[in-house]
Amino acid sequence: MPKIVDHDQYRRELLSQCLAVIADKGYASITMRQIAESLGVSTGTLYHYFPSKESLFEQLVEYISYQDTSEETVAQLKNLPTLAERIEAIFEFIAQNEEYFIHQTLMLIDFCRQRSRDEINASEILKQAGTRYEIALYKILGIDDPGVIQLFLCLTEGLVVRRIYQ
């Protein structure tokens, strides 16, 4: 009997494993062959799901941003009674998942280092991911001021960057 594979689930499993691999080696220096070897799959399998390294990156950014801003995560954080408790819960969530957020930050920084500011600004996938995070924060914090949301994002991202070098 042929093996039945849920291709979407398998693609998500590959993506969930890719973050640490790319963050550790660096987006610019790692090859699809090295990623495949690290995941324990053939290069052909990796190319079947991701036609290029950039496609893999884009799908990974999309996957991560959907995971981080899932309805379940937002619901857990927004149901706390006070703004102070919601902010504290966000920082606790980041602290509990520090390695994950450090990997995410390293991957994004390395990817962006290889692009011009215009290329970064034109990236639809980065725009969409950024918008998902902003909307999630609007829901969690109950704050409609885009400037405050941007400040909060800069603060949390800055804390993750600081943890990288301290």
Side-chain angles (χ1 to χ4, degrees), residues 1-80 86 89-115 119-141 149 152-153 156-157 160-161 163-164:
M1 230 181 180
K3 184 177 178 182
I4 298 173
V5 177
D6 181 340
H7 291 285
D8 288 335
Q9 178 61 33
Y10 189 63
R11 183 182 62 79
R12 287 189 298 271
E13 289 172 15
L14 291 173
L15 286 170
S16 70
Q17 296 171 37
C18 281
L19 178 60
V21 172
I22 294 172
D24 288 342
K25 303 271 187 197
Y27 175 82
S29 62
I30 199 165
T31 66
M32 289 290 275
R33 179 181 304 269
Q34 291 169 320
I35 295 169
E37 287 172 3
S38 295
L39 300 179
V41 300
S42 71
T43 306
T45 296
L46 199 60
Y47 276 111
H48 173 76
Y49 289 94
F50 314 105
S52 67
K53 186 168 72 166
E54 186 149 344
S55 171
L56 187 152
F57 172 82
E58 289 174 350
Q59 290 184 50
L60 183 55
V61 168
E62 183 175 50
Y63 171 78
I64 288 168
S65 66
Y66 274 115
Q67 293 294 318
D68 293 349
T69 63
S70 71
E71 289 299 321
E72 181 181 309
T73 301
V74 170
Q76 284 178 324
L77 297 171
K78 82 175 195 176
N79 288 332
L80 296 169
R86 292 189 299 272
I90 290 170
F91 285 117
E92 182 62 30
F93 179 77
I94 292 169
Q96 289 173 355
N97 298 284
E98 181 178 77
E99 184 178 357
Y100 166 80
F101 285 109
I102 286 174
H103 283 154
Q104 186 182 71
T105 301
L106 289 170
M107 179 191 72
L108 288 167
I109 288 171
D110 195 50
F111 177 83
C112 290
R113 286 185 60 225
Q114 310 305 315
R115 306 289 182 283
E119 289 173 308
I120 295 166
N121 290 339
S123 171
E124 285 303 314
I125 203 74
L126 292 176
K127 284 181 197 174
Q128 291 167 2
T131 299
R132 275 192 281 283
Y133 285 106
E134 290 169 11
I135 290 169
L137 280 175
Y138 287 137
K139 290 177 182 178
I140 294 166
L141 299 177
I149 296 299
F152 193 84
L153 282 168
T156 56
E157 291 168 358
V160 172
V161 169
R163 292 295 294 154
I164 290 169

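Note that the numbering runs from 1 along the sequence shown for the chain.
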Checklist entry - Cut-off 3.5 Å, side chains only: do E13 and Q9 have a donor facing an acceptor? => result yes

Checklist entry - Is the backbone N or O of L106 less than 3.5 Å from a side-chain atom of D110, with the two atoms forming a donor-acceptor pair by type? => result no

Checklist entry - Can you name the closest pair of heavy atoms from L46 and A36 and give their distance? => result CD2-N, 3.7 Å

Item to check | S70 side chain to T73 side chain, donor-acceptor N/O pair below 3.5 angstrom | outcome: yes

Checklist entry - Under 3.5 Å, is there a donor-acceptor pair between the side chain of R86 and the main chain of L77? => result no

Next on the checklist: Between Q59 and R11, is the side chain to side chain contact (heavy atoms under 4.5 Å, CB included) condition met? List the steps.
Outcome noted: CA-CA 10 Å; Q59 290 184 50; R11 183 182 62 79; 3.2 Å; yes

Checklist entry - Would the number of heavy atoms belonging to other residues, nucleotides or ligands and lying under 6.0 Å from CZ of R115 be above 12? => result yes

Next on the checklist: For a 4.5 angstrom cut-off between non-hydrogen side-chain atoms, does L137 reach I90?
Outcome noted: yes

Checklist entry - Can you tell if the side chain of E54 reaches within under 4.5 Å of the side chain of Y27, non-hydrogen atoms only? => result yes

Checklist entry - Any side-chain heavy atom of L19 sitting closer than 4.5 Å to one from Y63? => result no

Next on the checklist: Within this structure, what is the OG-CD distance for the pair S29 and Q34, rounded to the nearest 0.5 Å?
Outcome noted: 7.0 Å

Checklist entry - Does a salt bridge link E134 with K139, judged by any charged N lying under 4.0 Å from a carboxylate O? => result no

Checklist entry - When you check the side-chain N and O atoms of S65 and R132, is any donor under 3.5 Å from an acceptor? => result yes

Next on the checklist: Working note: F50 + L15, criterion side chain to side chain contact (heavy atoms under 4.5 Å, CB included); need CA distance, chi angles, decisive distance, verdict.
Outcome noted: CA-CA 10 Å; F50 314 105; L15 286 170; 3.6 Å; yes

Checklist entry - Do the non-hydrogen side-chain atoms of Y100 and D68 ever get within less than 4.5 Å of each other? => result yes

Checklist entry - Just by modelled atom types, is the K127 backbone N or O under 3.5 Å from a matching donor or acceptor in the T131 side chain? => result yes

Checklist entry - Going by heavy atoms in the side chains, are F57 and K53 under 4.5 Å from each other? => result no

Item to check | M107 and its side chain to side chain contact (heavy atoms under 4.5 Å, CB included) partner, picked from D24, I64, I102 | outcome: I64

Next on the checklist: With a 6.0 Å cut-off (strictly less than), is the heavy-atom count around CD of E99, excluding the residue itself, greater than 12?
Outcome noted: no

Checklist entry - Got a second to check how far E62's CD is from L126's CG, nearest 0.5 Å? => result 11.5 Å

Item to check | More than 12 heavy atoms from other groups under 6.0 Å of CD on E72 | outcome: no

Next on the checklist: Can you confirm whether more than 12 heavy atoms, excluding those of R12, are under 6.0 Å from its CZ atom?
Outcome noted: yes

Item to check | Non-hydrogen side-chain atoms of Q104 and L108 separated by less than 4.5 Å | outcome: yes

Checklist entry - Which class fits the ring pair Y49 and H7: parallel under 30°, tilted 30 to 60°, perpendicular over 60°? => result tilted

Checklist entry - Between F91 and F152, is the ring centre distance below 6.0 Å? => result yes

Checklist entry - Counting N and O atoms only, with roles assigned by atom type, does the side chain of Q17 sit under 3.5 Å from a partner on the main chain of L14, one being a donor and the other an acceptor? => result no

Checklist entry - Within a reach of under 6.0 Å around NZ of K25, are more than 12 heavy atoms found that belong to other residues, nucleotides or ligands? => result no

Checklist outcome for this item: Separation between OG1 (T105) and CD1 (I164), nearest 0.5 Å, reads 5.0 Å

Checklist outcome for this item: Rounded to the nearest 0.5 Å, the CD1 atom of I120 sits from the SG atom of C112 at a distance of 4.0 Å

Checklist entry - Yes or no on side chain to side chain contact (heavy atoms under 4.5 Å, CB included) for Y133 and Y138, after CA distance, side-chain angles and deciding distance? => result CA-CA 9 Å; Y133 285 106; Y138 287 137; over 6 Å; no

Item to check | Student check: side-chain heavy atoms of L56 and Y47 closer than 4.5 Å | outcome: no

Checklist entry - Could you go step by step and tell me if T43 and I35 meet the side chain to side chain contact (heavy atoms under 4.5 Å, CB included) rule? => result CA-CA 8 Å; T43 306; I35 295 169; over 6 Å; no

